[in-house]
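First the structure, in the form of structure tokens, and then the observations on it.
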2 protein chains.
Amino acid sequence: MDKRITLKELAKLLNVSISTVSKALNDSPEISVQTVQRVKELAKLNHYVPNASAVNLKTQRTQTIGVIVPEILSHFFAEALHGIETKASEMGYRIIICISNESMNKEAESIKTLVNGQVDGLIMSLSKETQASMRMDHLEILKNNNIPLVLFDRILSQVNCDKISINDSLQTKNAILELYASGCKKIAYFSGIQDTSVDNERKKGYFEAIKNLRLEEFIVCFDRKNFPDEKLLHFMRYEKIDAVLASDELGAILVMKSALNAGFKIPEDLSVIGFTNGIMSEHFRPSLSTVDQHAEKQGKLALGILIERIEGKLSKDPKEYKIETSIIHRNSTRKGILN
Amino acid sequence: MDKRITLKELAKLLNVSISTVSKALNDSPEISVQTVQRVKELAKLNHYVPNASAVNLKTQRTQTIGVIVPEILSHFFAEALHGIETKASEMGYRIIICISNESMNKEAESIKTLVNGQVDGLIMSLSKETQASMRMDHLEILKNNNIPLVLFDRILSQVNCDKISINDSLQTKNAILELYASGCKKIAYFSGIQDTSVDNERKKGYFEAIKNLRLEEFIVCFDRKNFPDEKLLHFMRYEKIDAVLASDELGAILVMKSALNAGFKIPEDLSVIGFTNGIMSEHFRPSLSTVDQHAEKQGKLALGILIERIEGKLSKDPKEYKIETSIIHRNSTRKGILN
DNA sequence: CTGAAAGCGCTTACAG
DNA sequence: CTGAAAGCGCTTACAG
């Protein structure tokens, strides 16, 4: 068998009309049980599978969701994708994945190719470039084509669509509070994800908490490929920094490595908390206390909301959903009065 | 604008036929430059995008590749996916990703939903279940529907298709040789991926190398969620094991943690090499020497081969490609005469 | 250079 | 209960 068998061919073989075959295969009550059975048998025998393009064209639905993420190599997005795929598969949807590589251009490209009736809806976490420029014109085309969008984690509040995220500023405040409660007095925030909505929220939370506690502010922005060891060590030696909150897992690990290599002890000399709970957090020595971002949960929720939106089960106005989160205490922090 | 504009509507607005619009948009030389220009302008103005389902139905091509992987959370598959997506996007293809979760059933399901004219070709890395049972009947449907398949990493030699992998047995031998050259005399292989083709190849290589060197064999199979610390420590204390080759990054990290926590020194008391070069290898203390599996390269190659196959640029017979790899020396191994 | 027509493989109102 | 027909939105041989 070299070519897929079609309804037409099945109809010929069975000596009935195409309509009858189609209805039988779709369990239409119009068709007699015997016919249904005959049709299904032959279909099975011939490995009949309906042509998706034809069905989609006719029904104007694809049962496919597009997903555009900035990258896939960090644990957060891999886990989110995992959640999205799992839930999609449960609900009978497929997912098409595009990676923007933090580029707005690539993001726009991907949207363009997906908008053409390829997907019923779109889930996105925005590229840094998009978030930094706050431009959203490349998202307009979605509106034009009536394709629902759900934004998660890296969101843009100006965009009118459903949004999923954690309460980053609140979580940051909580983390600072816990560090303070465990005895830390000079708490720095290290950011490796500048220009993202997430980072802005965290900085906001950091400043508020620090102000409330009447502490000193220390903010360091770094590039993952070029961690500023000297800066950290300088802060520790001369400013007596005794705690770091890092914007992501790798950042936190780099902070710990740097301090440990210089002979400092963790958590005695330096307490560290990182955002995002990945595999390194659990296995590093010492293990890293983290703010769990529930990537999988965010992914699943995003998918769920999107499907409801597609199927028209949601009221008109899009909503912003905040996911509850919590701090996982491991060995990079001291025991405080809170735990 | 609520509904997508179609060729028909453009034609009406322009007072020309649908054929003319279609040809103009596709830069057919049949159409006059002025017409082409007029058409394109109006199309742009109206944000026209051709309906993918219609085009696919007509052309019998989708420019979409299906990818089925066992999981996405380990670095190897995330990186492979990254490679596949990057290359696909370069070549103007989209990818639909399904995760089998190591289940043959889910794998079969995914194949079934993708086979229906949804994709032009398929890239797979097989689930453990499929590899353990060596069953391949669920892959038959691909042949029936004339959909080319490329297998990577977790391959099954009986399947008649293009295959990409690294030479696992050879790499294992090399790793053992290097450990031996650095002074190790009792070398164990720890496997956390039993029943995979990859693991079988490595065991083969392990046995051969050990035999050639006239050493003793130590093989330990473990479950990632339940690492057998006692067994490792027993081997170290009473059998004087002085080196471990682990089947994957996490396994190697668990070995190191276990030994370090028991007070052993790495690499002085125990040398460790892990397969797969992930993010933990670089950042753990001590950093882990690894056999790089070139996940991204495997992914890119798989995609490249598949497209050539789809576009009929490859000779009839499928081939098996072996990717060159190498050992990355870090601090979990001693310096030997080889490096 | 332009257009009418057939057809890709389906679904579904409508008629019988 | 079954079937003929229209149509989803395109492409492309063919005619003019």
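Values below: all heavy atoms of this structure, side chains included; hydrogens, waters and symmetry mates excluded. In what follows, chains carry the letters A, B, and so on, assigned in the order in which the sequence lines appear, proteins first and then strands, with residues in each chain numbered from 1.
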Indicate, with a heavy-atom threshold strictly under 4.0 Å, whether [X] touches base, sugar-phosphate, or nothing.
X: B:S28; result: nothing
X: A:S32; result: sugar-phosphate
X: A:S19; result: base
X: A:N26; result: sugar-phosphate

Give the nucleotide from the list [options] with an atom nearest to the side chain of [X].
X: A:N51; options: D:dT11, C:dG9, D:dA4; value: C:dG9
X: A:K8; options: C:dT11, C:dG9, C:dC8; value: C:dC8
X: B:Q60; options: C:dA4, C:dC8, D:dT11; value: C:dC8
X: A:V55; options: D:dG3, C:dC10, C:dC1; value: C:dC10
X: B:L57; options: D:dG3, D:dG9, C:dC1; value: D:dG9

When the distance from [atom1] of [X] to [atom2] of [N] is rounded to whole Å, what number comes out?
X: B:L7; N: D:dT11; atom1: CG; atom2: P; answer: 6 Å
X: A:N56; N: C:dC10; atom1: CG; atom2: P; answer: 12 Å
X: B:K12; N: C:dT2; atom1: NZ; atom2: C1'; answer: 19 Å
X: B:Q63; N: D:dT11; atom1: CD; atom2: P; answer: 13 Å
X: A:N15; N: D:dG3; atom1: CG; atom2: P; answer: 9 Å
X: A:R61; N: D:dG9; atom1: CZ; atom2: P; answer: 16 Å
X: A:Q118; N: D:dG9; atom1: CD; atom2: C1'; answer: 15 Å
X: A:E9; N: C:dC8; atom1: CD; atom2: P; answer: 10 Å

Would you say a side-chain N or O of [X] is under 4.0 Å from OP1 or OP2 of [N]?
X: A:S22; N: C:dG9; answer: no
X: A:T6; N: C:dC8; answer: no
X: B:Y48; N: D:dG9; answer: no
X: B:T20; N: C:dT2; answer: no

*So how far is it from B:T130 OG1 to B:L156 CG, rounded to the nearest 0.5 Å?*
8.0 Å
*Partner nucleotide of D:dC1 by Watson-Crick or wobble geometry (both distances under 3.5 Å)*: C:dG16
*asked:* Tell me whether A:T59 contacts the main-chain N or O of A:V55 through its side chain, where contact means a donor paired with an acceptor under 3.5 Å.
replied: yes
Quick one about [Y] and [X] (side-chain donor to acceptor, distance below 3.5 Å, no hydrogens or angles considered), yes or no?
X: A:S32; Y: A:T35; answer: yes
X: A:S165; Y: A:D153; answer: no
X: B:K300; Y: B:T86; answer: no

*asked:* Taking donor-acceptor contacts at under 3.5 Å, does the side chain of B:K23 reach the base of C:dG3?
replied: yes
*Contact check, side chains of B:L126 and B:E107, non-hydrogen atoms, under 4.5 Å*: yes
_Contact nearer the 5' end of DNA chain C, comparing B:E30 with B:K58_ = B:E30
